[in-house]
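Here's the structure we're looking at; comments come further down.
Since we're looking at a predicted model, the values are computed, not measured.
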Amino acid sequence: MMTRNDIFVRRAYKKALFPVMFSVLGGTINTLIDSAFVSQSEGADALAAVNLCMPIYLALCVAGALFANGAATIAANEIGLNNIDGAKNAYFSALKLYIVTGIVLTVLGCLIMHPVSDLLSQGTHLSGLVYDYGLITCIGAIPTIIIYQPISFLQLDGKSESISRMMTVMLIVDILLDYLFLFVFGFGVKGAAAASIIATSVACVMGFISLQRGYLFRFERRRFKISRTKEIIKLGSMLAAGNLLDAVKMIMLNAVILSTIGAHGVAIWAVLNSLSEISITVTTGVPQTAAPMIGVYFPSRENAAIRSLMKLQLRWGLSILVPFFVVVTVGHGAVEALFAVNYNMLFSLICLSISTIIDLVLSMWVRFFSSTRKVLLSNMINVIRKFLGPVIFVYVFSGLNDNIWIFLPVGSLFTMITGVMILLMIRVSRKNKNKPVLSGLLLLDDSYERENKILDFSIKADAAEVCDGAERIREFCVLNEMDKKLSMRLSLSIEELLMVLINRFPETESIDLRAFVTLGETGLQIRMIGEMFDPFTEAEKDENADELMGIIMMKKMAAATNYYYALGMNTLHIFFER
């Protein structure tokens, strides 16, 4: 029996995974590069100052994550609802919000940097270094926050490879300028910050050029206005709140570690943060790759594809994180030498490793609920994950001195247990109110499948499976009381349409098919990976082409047809009147 396989989503996910992970690395690598160059060039005090400035960078990222995540979630959902115009409006609304907010943050940051640097350094001798690094960071607020826009929307536009290119250039420029500004010109921490800003600006320009050459999000002056701001902020609140909580958390954790262990504790904490920034490439990049796809699949309740994506995330995340932390832990001496830290870091690295692996699952969870518009639930888990867990347990274990690092895995485990309890409470509450049961820990609605209102399966790209798939769709239509003659004609038309697609894309491994008879809609959906190809438009151009006769017949039977290209996928919808 034909079922929904994961060939299609696996290929689409893998195609986008490494470019998106690289984009996350690009968003955090600047700090790591600055830390490594500064520690070798300027010493331990400068390294500590860069780490103490992390809350400033995270505060800027609040706006970046807020608008990009909110607008991209809206755009993905609109694409899933076949509303490309709505997706474009979300993109241009976010772009203008970025420009206005970036100007405000630049001015405000420059005005208040003196008291902020005193606060972050707790009035110590590090205050001047913190001021220098933080001031340059604020001057570059606009590129720092707006880079989230092309990263988020290039994936939706099916141009994931462009993300890799812009991040590669940013990485190379940052390394070259760090070396030049620190070792050649001796600009100190100011030079390190400036190198990051210039590299980010170059990457931003490349990203927007790629979008301009793309499919969906080219510049249109008529759309350059702010709309749906409230919805963008609401849906973007998960990532934005996470970055804000990270900033506040860093201030509190820095204070506890500095007061209980001293300067050497802050140095170790700086190294852990730098390694954590690398692991964020996985814990953030893996769920971020799946988020747009889940956003597209969720409105039409394509639950089989969503569950496949969750399994893919876990599989890829663990396969990268586990070897990385094994190498880091076993080779802790090399890590200590790289960052010029003269302390044994084995225990702290073990704690970080366990915490990060648990955090991968939590990050998948939080991003999933954000993509499926369960914003309150996503934010609840994220507050515990980002703030309450680590802050509570750093105080609990503050008396352990050099063993204080155990707060990392315990805080993550606490978040996991609490999250499971919250979800179980939601399911029990819905059951008591006689609402539809939501399945598993993802709270997906499977009612359409249980009522046989959706037929969701995949076929291999060969003639035999095409015939079998078309016959299954005919049987489904008859089962749901569609006219038998119409069902037969529809089956034949679907068969011819699928053969046109296979002939056009002979390398295609799998095609996803979906028939639905739901409240208010009856129709078919076809998805496949490949270059942009709209068979409906092709049929209109040449109505006499023999190979397109089935498509022409289908258009005459259908109440409406729709095509769009997003996430590197061709998606066709055919709607019928009941």
Side-chain angles (χ1 to χ4, degrees), residues 59-105 145-157 211 216-245 284 287-288 290-302 306 365-383 386 426 438 442-445 520-521 562 564 566-567:
L60 293 177
C61 291
V62 169
L66 179 67
F67 301 140
N69 185 55
T73 300
I74 293 172
N77 290 165
E78 294 288 10
I79 290 171
L81 294 170
N82 310 316
N83 183 10
I84 302 302
D85 200 61
K88 291 182 178 181
N89 286 337
Y91 170 81
F92 284 100
S93 294
L95 184 57
K96 193 164 187 178
L97 286 169
Y98 272 124
I99 295 172
V100 173
T101 304
I103 294 171
V104 172
L105 290 176
I145 67 174
I146 206 171
I147 195 171
Y148 284 82
Q149 177 101 345
I151 288 172
S152 298
F153 283 88
L154 280 169
Q155 187 184 353
L156 276 173
D157 210 16
L211 283 171
L216 294 176
F217 304 109
R218 297 174 182 173
F219 180 78
E220 299 177 38
R221 181 173 296 179
R222 67 184 179 87
R223 298 182 186 276
F224 206 69
K225 59 183 179 180
I226 295 179
S227 62
R228 307 183 76 166
T229 302
K230 183 177 180 180
E231 190 178 5
I232 288 174
I233 293 174
K234 177 183 177 182
L235 293 173
S237 62
M238 182 275 294
L239 280 182
N243 285 327
L244 180 61
L245 289 172
T284 298
Q288 186 170 309
M293 300 176 69
I294 291 172
V296 171
Y297 289 139
F298 179 70
S300 53
R301 301 192 192 181
E302 296 182 60
I306 290 174
W365 228 359
V366 167
R367 194 63 187 253
F368 168 79
F369 288 127
S370 176
S371 298
T372 56
R373 292 183 174 244
K374 296 180 179 67
V375 179
L376 179 60
L377 178 58
S378 175
N379 286 340
M380 287 174 61
I381 297 175
N382 210 33
V383 168
K386 291 279 190 177
I426 291 173
L438 300 179
L442 300 179
L443 303 182
L444 293 172
D445 187 349
E521 281 190 335
N562 183 59
Y564 65 79
L567 293 166

Measure across [X] and [Y] and return the closest heavy-atom pair with its distance rounded to 0.1 Å.
X: Gly86; Y: Asn83; result: N-OD1, 3.1 Å
X: Ala87; Y: Ala75; result: CB-O, 3.7 Å
X: Tyr148; Y: Ala68; result: CB-CB, 3.5 Å
X: Ala94; Y: Ile232; result: N-CD1, 4.2 Å
X: Leu60; Y: Leu105; result: CD2-CD1, 4.0 Å

Gap between atom [atom2] of [Y] and atom [atom1] of [X] - 0.5 Å precision:
X: Ile147; Y: Ser152; atom1: CD1; atom2: OG; result: 10.5 Å
X: Asn379; Y: Lys386; atom1: CG; atom2: NZ; result: 12.0 Å
X: Trp365; Y: Leu377; atom1: CH2; atom2: CG; result: 8.5 Å
X: Ile233; Y: Leu97; atom1: CD1; atom2: CG; result: 7.0 Å
X: Ile99; Y: Ile145; atom1: CD1; atom2: CD1; result: 9.5 Å
X: Asp85; Y: Leu216; atom1: CG; atom2: CG; result: 11.5 Å

Between the side chain of [X] and the main-chain N/O of [Y], is any donor-acceptor distance below 3.5 Å?
X: Tyr564; Y: Ile79; value: yes
X: Ser378; Y: Val366; value: yes
X: Ser93; Y: Asn89; value: yes

So, using side-chain hydrogen bond (donor to acceptor under 3.5 Å, both in side chains) as the criterion, who are the partners of Tyr98 when residues are at least two apart?
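side-chain hydrogen bond (donor to acceptor under 3.5 Å, both in side chains) list for Tyr98, sorted by chain: empty.
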Could you list the residues that satisfy side-chain hydrogen bond (donor to acceptor under 3.5 Å, both in side chains) with Asn77, not counting sequence neighbours?
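Only Arg373 meet the side-chain hydrogen bond (donor to acceptor under 3.5 Å, both in side chains) criterion with Asn77.
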Do [X] and [Y] have side chains that get closer than 4.5 Å, going by heavy atoms?
X: Tyr91; Y: Leu156; value: no
X: Gln288; Y: Ile151; value: yes
X: Leu443; Y: Phe369; value: yes
X: Val375; Y: Ser370; value: no

I need the full list of salt bridge (Lys or Arg N to Asp or Glu O under 4.0 Å) pairs touching residues 63-83, with sequence neighbours left out, sorted by first then second residue.
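Sorted result for residues 63-83: Glu78-Arg228.
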List in chain and number order the residues that pass ring pair (Phe, Tyr, Trp, His ring centres under 6.0 Å) with Phe368, two or more places apart in sequence or in another chain; answer none if no residue qualifies.
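Ring pair (Phe, Tyr, Trp, His ring centres under 6.0 Å) check on Phe368 returns nothing, list empty.
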Who pairs with Phe298 by side chain to side chain contact (heavy atoms under 4.5 Å, CB included), at least two apart in sequence or on another chain?
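Result, side chain to side chain contact (heavy atoms under 4.5 Å, CB included) vs Phe298: Ile306, Thr372, Lys374.
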Output all residues satisfying side chain to side chain contact (heavy atoms under 4.5 Å, CB included) with Pro150, sequence neighbours left out; order by chain, then residue number.
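Expected list: Leu154, Met166, Phe208, Leu211.
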Residue pair Val296, Glu302: steps toward the side-chain contact (heavy atoms from CB on, under 4.5 Å) verdict
CA-CA 9 Å; Val296 171; Glu302 296 182 60; 5.7 Å; no
